[in-house]
Structures are given as structure tokens and as C-alpha cells.
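Structure, as C-alpha cells:
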Amino acid sequence: EAALAGDLSSFPKSFRIRKEGAQIIPVNTTIIVGATAPSEDVLAAAELVNVLTRVLNTRVFAVLDTEVTDDILRLDNLIVIGNTSNNRYLAEFAAEEQALPDTAAKIKMVSQPTNHVISIFGKHSLYRRKAAIALAQYTTSRLHGTELCVTGDSRNLAAIDVVECNQIDEASRTFLEVEGLPLDVP
């Protein structure tokens, strides 16, 4: 089967419906956080549930990774939040997560035959929460393509910089300099 069309610029519109032949089917959205997730990941999920419930006009759920069923994985659009050590559904991104600086998170969208999956992952939960906020603020975040990185001043949750992932090293370096942190921080 061919994958559904969509990238981050089509979010959240692409999360509303799925076409099967001539039939249009409303699609639920499930947000998955790890059972051992830190509070920032849980807050990120809550913020997305709040925004998406108002925007999508479909059902939006938040569940732990231990509660996910095959039907959820197959039929619902998914937003998966965490890192490879606290959310089993992010294991495939271990190498990408390792390559990210500590001061960044990645938003990655994959379209599959029956649903869309957005993964928000990174080493530090603060930056994962910033990425979720950027996704929730989709009208002003300049989302595009299938993956973006998020960084920003760690002292200010609202300071969010959405950049191409190939630009993350320079953006991260700038924030380290601003915060007076040593530049040799990984």
C-alpha cells in the first residue's frame, strides 16, 4: 500500500481524515508517552491533547507506551513523545537521538498507508516539551518538510527556535554561548 500524503506543513489538517476509496473516515489521534516518562513529556502530551481536541473535531487520547494496542498503531494518527530509553516506540530512532545535541529535540513525521506518525524525541525532556509546544503552535512555528529540530534558551520555556536539522549544530552553539555554557558540551 502507498503511504498517505503529508508533511509537517499539512499538520494538523492531515490528522483529521483518511480517504478509503470514495469514503472519508474521521481519524482519532493518540499521543503516546513512555510509562516511565518524566513530567515534561506528560505535560507535552497534555498540551497537545488540549490544542488538538479543539482543532481536529475527532477524538484525541493520551496513553502510555504499555497501553498501546495493534488497532491504535494501525488506525490512529500517532504522536510519540520521549526518548529511546523511556518510550519503546522510539527505539528505531536511537542513532538519530544520539546524534542530536543535548540542547535540541527532533520532530519527525512519517506517513504510512493508514496513518501519520509524528515522533518527538531528544535526550532532554525540556527540549522535547519545546518541540511539542512548537507542534501545538503550528500556525506560527513555520513547520515544513518531514523533520525539523527545536532548540532554545533553557531558562525560558517559551524561547523556541525551529530550525532545519542540518542547522542544529550552529543554533545549539549559539544558545550555549548565550547561556554562558562551555562550548564543548556534546
Side-chain angles (χ1 to χ4, degrees), residues 1-21 23-94 96-97 105-139 141 143-150 162:
E1 279 183 83
L4 295 174
D7 66 18
L8 291 167
S9 66
S10 67
F11 178 83
K13 184 179 177 184
S14 60
F15 269 49
R16 285 191 178 121
I17 60 169
R18 173 178 66 242
K19 291 183 180 178
E20 289 184 8
Q23 192 176 20
I24 296 175
I25 301 168
V27 180
N28 294 331
T29 296
T30 298
I31 300 169
I32 304 169
V33 295
T36 61
S39 59
E40 287 93 345
D41 289 353
V42 175
L43 289 170
E47 289 163 1
L48 284 167
V49 167
N50 182 39
V51 169
L52 295 178
T53 298
R54 288 180 288 150
V55 173
L56 293 179
N57 298 320
T58 61
R59 297 178 69 170
V60 180
F61 305 95
V63 299
L64 300 175
D65 63 346
T66 55
E67 301 171 323
V68 175
T69 65
D70 288 341
D71 280 347
I72 289 172
L73 292 175
R74 190 172 47 83
L75 300 174
D76 291 6
N77 287 317
L78 306 172
I79 300 175
V80 186
I81 302 170
N83 64 27
T84 56
S85 65
N86 72 25
N87 191 322
R88 68 180 75 190
Y89 294 100
L90 293 169
E92 68 185 273
F93 299 119
E96 287 182 66
E97 180 181 287
K106 185 179 275 192
I107 303 171
K108 185 169 187 160
M109 183 170 177
V110 176
S111 296
Q112 302 182 126
T114 58
N115 64 354
H116 298 289
V117 179
I118 294 178
S119 299
I120 297 174
F121 60 94
K123 296 173 193 162
H124 196 286
S125 59
L126 169 69
Y127 293 96
R128 295 192 299 269
R129 186 166 178 209
K130 283 177 177 278
I133 291 169
L135 191 61
Q137 295 174 349
Y138 62 91
T139 58
S141 294
L143 301 176
H144 60 280
T146 57
E147 66 179 48
L148 291 168
C149 286
V150 177
V162 179

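Remember, predicted model here, so these are calculated numbers, not experimental data.
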Self-check item: Distance in Å, N115 CG paired with I72 CD1, rounded so as to fall on 0.5 Å steps
Solution: 11.5 Å

Quiz item: Does R74 CZ have over 12 foreign heavy atoms under 6.0 Å away?
Solution: yes

Quiz item: What is the distance from atom CG of L73 to atom CD1 of I32, rounded to the nearest 0.5 Å?
Solution: 6.0 Å

Quiz item: Minimum heavy-atom separation for V150 to A134, with atom names?
Solution: CG2-CB, 4.3 Å

Self-check item: Sub-4.5 Å side-chain heavy-atom contact between T58 and V27
Solution: no

Quiz item: Any idea which heavy atoms bring G145 and D7 closest together, and the distance?
Solution: O-CB, 3.2 Å

Exercise. Would you name the heavy atoms of D65 and N86 that are closest together and state the gap between them?
Key: OD2-O, 3.8 Å

Self-check item: Residue pair D41 / S125: nearest heavy atoms and the distance that separates them
Solution: OD1-CB, 3.8 Å

Quiz item: How far apart are the closest heavy atoms of E97 and K123, and which atoms are they?
Solution: O-CE, 3.2 Å

Exercise. Can you measure from CD1 (I31) to CG (N77) and round to the nearest 0.5 angstrom?
Key: 11.0 Å

Quiz item: Would S119 and L90 satisfy side-chain contact (heavy atoms from CB on, under 4.5 Å), going step by step from the backbone distance to the final call?
Solution: CA-CA 7 Å; S119 299; L90 293 169; 3.8 Å; yes

Quiz item: Can you tell me how far CZ of R129 sits from CD1 of I81, rounded to the nearest 0.5 angstrom?
Solution: 10.5 Å

Exercise. Can you label the angle between the F121 ring and the F93 ring as parallel, tilted or perpendicular, going by 30° and 60°?
Key: parallel

Quiz item: If you measure from NE2 on H116 to OG on S10, what distance do you get to the nearest 0.5 Å?
Solution: 6.0 Å

Quiz item: When rounded to the nearest 0.5 angstrom, what is the spacing between CG in L75 and OG1 in T69?
Solution: 8.5 Å

Quiz item: Is the closest basic N to carboxylate O distance between E40 and R128 below 4.0 Å?
Solution: no

Self-check item: Minimum side-chain heavy-atom gap I79-I120 below 4.5 Å
Solution: yes

Quiz item: Considering the options V51, I118, L52, T29, which one meets the side chain to side chain contact (heavy atoms under 4.5 Å, CB included) requirement together with P12?
Solution: L52

Quiz item: If every non-hydrogen atom of L56 is compared with every non-hydrogen atom of V60, which pair is closest and at what distance?
Solution: CD1-CG2, 4.1 Å

Quiz prompt | Side chain proximity check, V117 to Y89, heavy atoms < 4.5 angstrom | solution = no

